[in-house]
S.K.: 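Can you keep this structure in mind? I'll have questions shortly.
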Amino acid sequence: MKKSGQLVFPLREKFVAMVAPSFVVDFPYPGIIHGLKKLGFDKVVELTFGAKLVNQEYHKELKKEGFFISSVCPGIVNIVLEKFPEYKDNLLKVDSPMVAMAKIVRKTYPSHKVVFISPCFYKKEEAKNSGQVDFVIDYRELKVLFDNKKINLNLKKKIHFDKFYNDYTKIYPIGGGLSKTAHLRGVLKKGEVKVIDGISKVIKFLENRDKKVRFLDCNFCVGGCIGGPYINSKDSLAKRKKRVRDYLKRSLKEDIPEPRKGLSKRAKGINFTTNFSH
């Protein structure tokens, strides 16, 4: 049996794998679900439902006055805390989709351990320090696991994620995916939202902030999460974006059983606010 961190495959206990929608850049759908089940995961869920709940929190917060910085990207949070402490209070104090989803998973599957599949170094560190995730596997490690186990991901039969389905937030891993899906029309005016992906451009903006901008939707990596350092694909960002958009189009046509759809009542009683410290 192979080891990844402290995990031993095939898994012998009950585990939930949490997958970000950026997976389609590296792994086929629905083959990745099949592959993770073959590794021993009892449940496989996508972060899209967590992103939906995060959007709802952002929608409420952005109705307030002031300048706000998105905090869904832990790389951005880290840079703000390190280089721009004067903007610490401008970070939206809302969990990332990964942490939000982990809280939902823990409530729903209290006897399971939680594993996050990560495209990024910063997300990997966030998961380890979140107190909500038990183990982390990045995309490169996952590819090695699939290859070593000779798991065929080109699956033809129908298989779906376990519960928490939500379609529109599947574009979250593309730069600007948050502001495109947070239903901000009527909350912010034209010109009050600025989308920046790529940390050098984010730093340049914060060094000379445009005061008209009230919400900075930003990512550390160029292209968003599809440009994460643990992505295996060598394809251009344009091709990666197309894969995500095609995945969204495909999912909209799928006949997903009702219990698997993302319902906000599943998150009732969960607090999605957070504080940042360094």
S.K.: Does the pair Leu206 and Ile69 meet the rule for a side-chain contact (heavy atoms from CB on, under 4.5 Å), with working shown?
M.R.: CA-CA 10 Å; Leu206 291 176; Ile69 303 172; 4.1 Å; yes
S.K.: Give a yes or no on whether Val195 and Ile226 share a hydrophobic cluster (residues Ile, Leu, Val, Met, Phe, Trp, Tyr; joining criterion: side-chain heavy atoms under 4.5 Å apart).
M.R.: no
S.K.: Answer yes or no: is there an ion pair linking Lys123 with Glu126, defined by an N-O contact shorter than 4.0 Å?
M.R.: no
S.K.: Check for me whether Arg209 meets the cation-pi criterion with Phe67, that is, NZ or CZ under 6.0 Å from the six-membered ring centre and within 45 degrees of the ring axis.
M.R.: yes
S.K.: Once you round to the nearest 0.5 Å, how far does CE of Met98 lie from CZ of Phe116?
M.R.: 5.5 Å
S.K.: Under 3.5 Å, side chain of Lys88 to main-chain N/O of Phe276, donor-acceptor pair present?
M.R.: yes
S.K.: Under the criterion side-chain contact (heavy atoms from CB on, under 4.5 Å), I'd like the reasoning laid out for Leu142 against Asn232: C-alpha separation, chi angles, the key distance, then a yes or no.
M.R.: CA-CA 10 Å; Leu142 184 59; Asn232 295 284; over 6 Å; no
S.K.: Are the side chains of His112 and Pro110 in contact, using a 4.5 Å heavy-atom criterion?
M.R.: no
S.K.: Given Leu91 and Leu81, is the side-chain contact (heavy atoms from CB on, under 4.5 Å) satisfied, shown in steps?
M.R.: CA-CA 9 Å; Leu91 286 166; Leu81 296 179; 4.3 Å; yes
S.K.: Out of the candidates Lys143, Lys149, Lys150, only one should pair with Asp147 under the salt bridge (charged side-chain N to carboxylate O under 4.0 Å, His left out) rule; please name it.
M.R.: Lys143
S.K.: Answer yes if Val99 and Val136 sit in the same cluster of Ile, Leu, Val, Met, Phe, Trp and Tyr residues linked by side chain heavy atoms under 4.5 Å apart, and no otherwise.
M.R.: yes
S.K.: How long is the span from the CD1 atom in Ile76 to the OG atom in Ser96, to the nearest 0.5 Å?
M.R.: 13.5 Å
S.K.: Membership question, hydrophobic clusters at under 4.5 Å side-chain separation (ILVMFWY): are Val94 and Tyr172 in the same one?
M.R.: yes
S.K.: With no hydrogens and no angle check, is any side-chain donor or acceptor of Arg214 less than 3.5 Å from a backbone partner on Val193?
M.R.: no
S.K.: Tell me the ring-ring contact (aromatic ring centres under 6.0 Å, His included) pairs involving residues 189-233, sequence neighbours left out?
M.R.: Tyr122-Phe220
S.K.: If you measure from NZ on Lys124 to CD on Glu141, what distance do you get to the nearest 0.5 Å?
M.R.: 3.5 Å
S.K.: With clusters defined by side-chain heavy atoms of hydrophobic residues (ILVMFWY) lying less than 4.5 Å apart, directly or transitively, does Val133 cluster with Phe272?
M.R.: yes
S.K.: Side chains of Pro97 and Val72: does their closest heavy-atom pair fall under 4.5 Å?
M.R.: yes
S.K.: Could you tell me whether the side chain of Phe68 reaches within less than 4.5 Å of the side chain of Leu188, counting heavy atoms only?
M.R.: no
S.K.: Ignoring hydrogens and geometry, is there a side-chain-to-backbone donor-acceptor pair from Ser70 to Cys218 under 3.5 Å?
M.R.: yes
S.K.: Can a donor-acceptor pair be found, under 3.5 Å and without considering hydrogens, that links the side chain of Lys107 to the backbone of Lys268?
M.R.: yes
S.K.: Output yes when a side-chain donor or acceptor of His59 lies under 3.5 Å from a complementary backbone atom of His183, and no otherwise.
M.R.: yes
S.K.: Under 4.0 Å between a Lys/Arg side-chain N and an Asp/Glu carboxylate O for Lys204 and Glu207?
M.R.: no
S.K.: Can you check whether Lys239's main-chain N or O pairs, donor with acceptor, with Ser236's side chain at less than 3.5 Å?
M.R.: yes
S.K.: With sequence neighbours excluded, what pairs up with Val144 under the side-chain contact (heavy atoms from CB on, under 4.5 Å) test?
M.R.: Asn148
S.K.: Please check if the side chain of Arg240 supplies one atom and the backbone of Ile174 the other of a donor-acceptor pair under 3.5 Å.
M.R.: no
S.K.: Working to the nearest 0.5 angstrom, can you tell me the gap between Lys190 NZ and Arg185 CZ?
M.R.: 11.0 Å
S.K.: Evaluate the criterion side-chain contact (heavy atoms from CB on, under 4.5 Å) for residue pair Lys60 and Gln56; output intermediate values, then yes/no.
M.R.: CA-CA 7 Å; Lys60 289 187 289 187; Gln56 290 177 2; 5.6 Å; no
S.K.: Would you say the side chain of Asp235 lies within less than 4.5 Å of the side chain of Val25, judging by non-hydrogen atoms?
M.R.: no
S.K.: Do the side chains of Lys38 and Phe146 get nearer than 4.5 Å, heavy atoms only?
M.R.: no
S.K.: Is a donor from one side chain sitting under 3.5 angstrom from an acceptor on the other, for Glu46 and Tyr29?
M.R.: no
S.K.: Check the pair Asp95 / Lys103 against salt bridge (Lys or Arg N to Asp or Glu O under 4.0 Å), numbers first and verdict last.
M.R.: CA-CA 10 Å; Asp95 286 331; Lys103 288 180 177 180; 2.7 Å; yes
S.K.: So, the side chain of Thr108 versus the backbone of Val105: is there a donor-acceptor pair under 3.5 Å, distance only?
M.R.: no
S.K.: Atom CG of Leu92 and atom OG1 of Thr274: how far apart are they, to the nearest 0.5 Å?
M.R.: 11.5 Å
S.K.: So, does Asp162 use its side chain to make a donor-acceptor pair with the main chain of Lys43 at under 3.5 Å?
M.R.: no
S.K.: Regarding Ser71 and Tyr58, is there a side-chain donor-to-acceptor distance under 3.5 Å anywhere?
M.R.: yes
S.K.: Looking at side-chain heavy atoms only, is the closest gap between Leu145 and Ile137 below 4.5 Å?
M.R.: yes
S.K.: Using modelled atom types only, decide if a donor and an acceptor are shared between the side chain of Asn219 and the backbone of Cys73 within a distance under 3.5 Å.
M.R.: no
S.K.: Checking side-chain hydrogen bond (donor to acceptor under 3.5 Å, both in side chains) against Asp246, which of Lys242, Arg243, Arg250 comes through?
M.R.: Lys242
S.K.: Mind checking side-chain contact (heavy atoms from CB on, under 4.5 Å) for Lys113 and listing every partner two or more places apart, or none if nothing turns up?
M.R.: Glu13, Phe15, Asp134, Phe135
S.K.: Could you tell me the separation between the CG atom of Asp138 and the CD1 atom of Ile231, rounded to the nearest 0.5 Å?
M.R.: 10.0 Å
S.K.: Can you tell me how the ring of Phe23 sits relative to the ring of Phe161, calling it parallel under 30°, perpendicular over 60° and tilted otherwise?
M.R.: perpendicular
S.K.: Do Lys194 and Asp210 come within less than 4.5 Å of each other through their side chains, counting heavy atoms only?
M.R.: no
S.K.: Count I, L, V, M, F, W, Y as connected when their side-chain heavy atoms are under 4.5 Å apart, and connections chain through other members. Are Val77 and Leu216 then in the same cluster?
M.R.: yes
S.K.: Can you confirm whether the side chains of Tyr139 and Ser22 place a donor and an acceptor under 3.5 Å from each other?
M.R.: yes
S.K.: In terms of heavy-atom contacts, does NZ of Lys93 have more than 12 from other residues, nucleotides or ligands at under 6.0 Å?
M.R.: yes
S.K.: Any side-chain heavy atom of Lys180 sitting closer than 4.5 Å to one from Ile171?
M.R.: yes
